[in-house]
Enquirer: 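Before we start, here is the structure in question, set down as structure tokens.
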Amino acid sequence: MKLNRRAGLLACIALTATFGAVAETSYPTKPIRVIVPFAAGSTTDIIARAIADKMGASMGQTLVIDNRGGASGTIGQQAVATAAPDGYTIMIHSSSHTVSPSTFSKLPFDTVGDFAGVTPISTLPNALVISPTKNIKTLKELVAAAKAKPGTINYASAGQGSATHLNAEKFKLAAKIDATNIPFKGSAEAVTEVLAGRVDYYFSPIAPVIGQIKEGQLLALAVGSPKRAAALPDVPTTAEAGVPGSEFNFWIGMMAPAKTPRDIVNKLHDEVAKALASPEVKERFLKLGADAWTLKPEQFDAYIKDEIASNASLVKAAGLSPTP
């Protein structure tokens, strides 16, 4: 009897292992919904679409982009946090993901507990752009103008508490200037207002402004990243231009609902890495001013936790009041 029971147990274990292997190799069996918490045409959306086709071709299923903009990305985040953890709903979001816990007094999800990091996809330096009509040609001139008339300079952001807002706040603290945030629904509106000269400057992701920079419609005074952007090699970092301590890492990455099976998370990670290695995506990223960046899922989870803490310190130092 004991032998029969033991044999049955072993058979059950073997069957479970076989089923797990089949489940891993068969995923995906239907299209995958990719929620982007910003509008179509945003930097996050552009990056998502740049890799979605490559991933879909490799995986044998379509990755369908679902734009859920609004509330600095939190509407899209909630949709993913409450989705079935089966690998068929994932999210491509920006570093705003690690900002929202500090800029909203209450969120309908746990930024750490409700998500599983898959991998970062890219880092995209924010370029501090200004209209040439402002007659400001260097970062030092901008800082001098702000200090000469405190409180009269303003800057655009893609929403209160967005990564573009935090980048500008870190710069403002490091430069010791007084400037007012003018929040918009997204980068498109922010860029339009800076082009028109109604807003003084904007820490914009490079993708939406690289055309205007090359055509001379906008002037890039500096990039807010720790190192220079490959797409704008002649533009200094804010630290190089005279404002040390102002560096801000703007990234875009992939996440899934927290309880998504680990084999599916790992498969998605590997497919992102494979897409980023393709010549087509490399060329696309170069034009967008994006640098490919990947981490293992567990490393990405740890990075997100650390960045939430550092952003909380920045929000406190900037004296920002959380949105109710």
Side-chain angles (χ1 to χ4, degrees), residues 43 46-47 94-95 120 122-150 152-158 162-182 187 190-191 193-195 197 199-252 282 285-293 307 310-311 314 317-318:
T43 303
I46 293 169
I47 292 295
S94 74
S95 44
S122 68
T123 57
L124 295 99
N126 284 329
L128 193 167
V129 293
I130 191 168
S131 170
T133 60
K134 296 290 181 180
N135 294 317
I136 291 175
K137 294 180 172 56
T138 67
L139 195 68
K140 286 185 177 179
E141 288 181 10
L142 174 64
V143 171
K147 288 183 175 180
K149 295 181 179 180
T152 61
I153 295 285
N154 57 36
Y155 64 89
S157 74
S162 66
T164 58
H165 181 202
L166 266 287
N167 194 158
E169 285 292 339
K170 192 169 185 181
F171 168 74
K172 188 172 80 170
L173 286 169
K176 297 180 174 60
I177 61 173
D178 182 10
T180 303
N181 175 35
I182 309 296
S187 282
V191 171
E193 294 303 300
V194 173
L195 279 166
V199 179
D200 293 311
Y201 66 91
Y202 175 40
F203 272 96
S204 173
I206 290 177
V209 294
I210 189 147
Q212 290 94 331
I213 292 171
K214 291 184 180 298
E215 292 170 6
Q217 295 175 308
L218 287 172
L219 179 63
L221 301 183
V223 291
S225 50
K227 64 178 184 178
R228 292 194 183 198
L232 298 170
D234 297 329
V235 177
T237 66
T238 50
E240 290 174 332
V243 187
S246 55
E247 304 88 349
F248 187 90
N249 185 33
F250 180 78
W251 54 263
I252 290 170
K282 285 182 177 180
F285 272 33
L286 181 61
K287 291 179 180 178
L288 294 172
D291 295 320
W293 179 37
E307 192 164 274
S310 65
N311 282 333
L314 174 57

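All values below were derived from every heavy atom in this structure, side-chain atoms included, with hydrogens, water molecules and symmetry-related copies excluded.
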Enquirer: For residues 206-225, which side-chain N or O atoms pair as donor and acceptor with protein atoms under 3.5 Å away, sequence neighbours left out?
Expert:
{"unit_1": "Ser225", "atom_1": "OG", "unit_2": "Lys227", "atom_2": "O", "d": "2.6"}

Enquirer: To the closest 0.5 Å, what do you measure between CG (Leu139) and OG (Ser246)?
Expert: 7.5 Å
Enquirer: Considering residues at least two apart in sequence or located in another chain, which fulfil the side chain to side chain donor-acceptor pair (under 3.5 Å) criterion with Thr164?
Expert: Ser162
Enquirer: With sequence neighbours excluded, tell me which residues meet side chain to side chain donor-acceptor pair (under 3.5 Å) with Ser95.
Expert: none
Enquirer: Does Lys134 have any side chain to side chain donor-acceptor pair (under 3.5 Å) partners at least two apart in sequence or in another chain, and if so, which?
Expert: Asp200
Enquirer: Hey, what do you get for OG1 (Thr238) to CG (Leu142), rounding to the nearest 0.5 Å?
Expert: 11.5 Å
Enquirer: Working to the nearest 0.5 angstrom, can you tell me the gap between Ile46 CD1 and Leu124 CG?
Expert: 9.5 Å
Enquirer: Please report the closest heavy-atom contact between Ser157 and Tyr202, naming both atoms and the distance.
Expert: CA-CE1, 3.9 Å
Enquirer: Going by heavy atoms in the side chains, are Ser94 and Thr43 under 4.5 Å from each other?
Expert: no
Enquirer: Please give me the minimum heavy-atom distance between Val199 and Tyr155, naming the atom from each residue.
Expert: CG1-C, 3.5 Å
Enquirer: Taking only distance into account, with no hydrogens and no angle test, what donor-acceptor pairs under 3.5 Å do side-chain atoms of residues 125-132 form with protein atoms, sequence neighbours excluded?
Expert:
{"unit_1": "Asn126", "atom_1": "ND2", "unit_2": "Asn167", "atom_2": "OD1", "d": "2.9"}
{"unit_1": "Ser131", "atom_1": "OG", "unit_2": "Thr133", "atom_2": "N", "d": "3.2"}
{"unit_1": "Ser131", "atom_1": "OG", "unit_2": "Thr133", "atom_2": "OG1", "d": "2.7"}

Enquirer: Please list, one pair per line, the donor and acceptor atoms closer than 3.5 Å that link side chains of residues 170-179 to other protein atoms, with sequence neighbours excluded.
Expert:
{"unit_1": "Lys170", "atom_1": "NZ", "unit_2": "Glu247", "atom_2": "O", "d": "2.7"}
{"unit_1": "Lys172", "atom_1": "NZ", "unit_2": "Glu169", "atom_2": "OE1", "d": "3.4"}
{"unit_1": "Lys172", "atom_1": "NZ", "unit_2": "Ala179", "atom_2": "O", "d": "3.1"}

Enquirer: Does the side chain of Phe248 reach to within under 4.5 Å of the side chain of Asn311, using non-hydrogen atoms?
Expert: yes
Enquirer: Just how far is it from atom CG of Leu314 to atom CG of Leu166, taken to the nearest 0.5 Å?
Expert: 5.0 Å
Enquirer: Let's go through Ile252 and Trp293 carefully: what are the C-alpha distance in whole Å and the side-chain angles of both, what is the deciding distance for side-chain contact (heavy atoms from CB on, under 4.5 Å) to 0.1 Å, and is it a yes or a no?
Expert: CA-CA 9 Å; Ile252 290 170; Trp293 179 37; over 6 Å; no
Enquirer: Any sub-3.5 Å donor-acceptor pair from Glu141's side-chain atoms to Lys137's backbone N or O?
Expert: yes
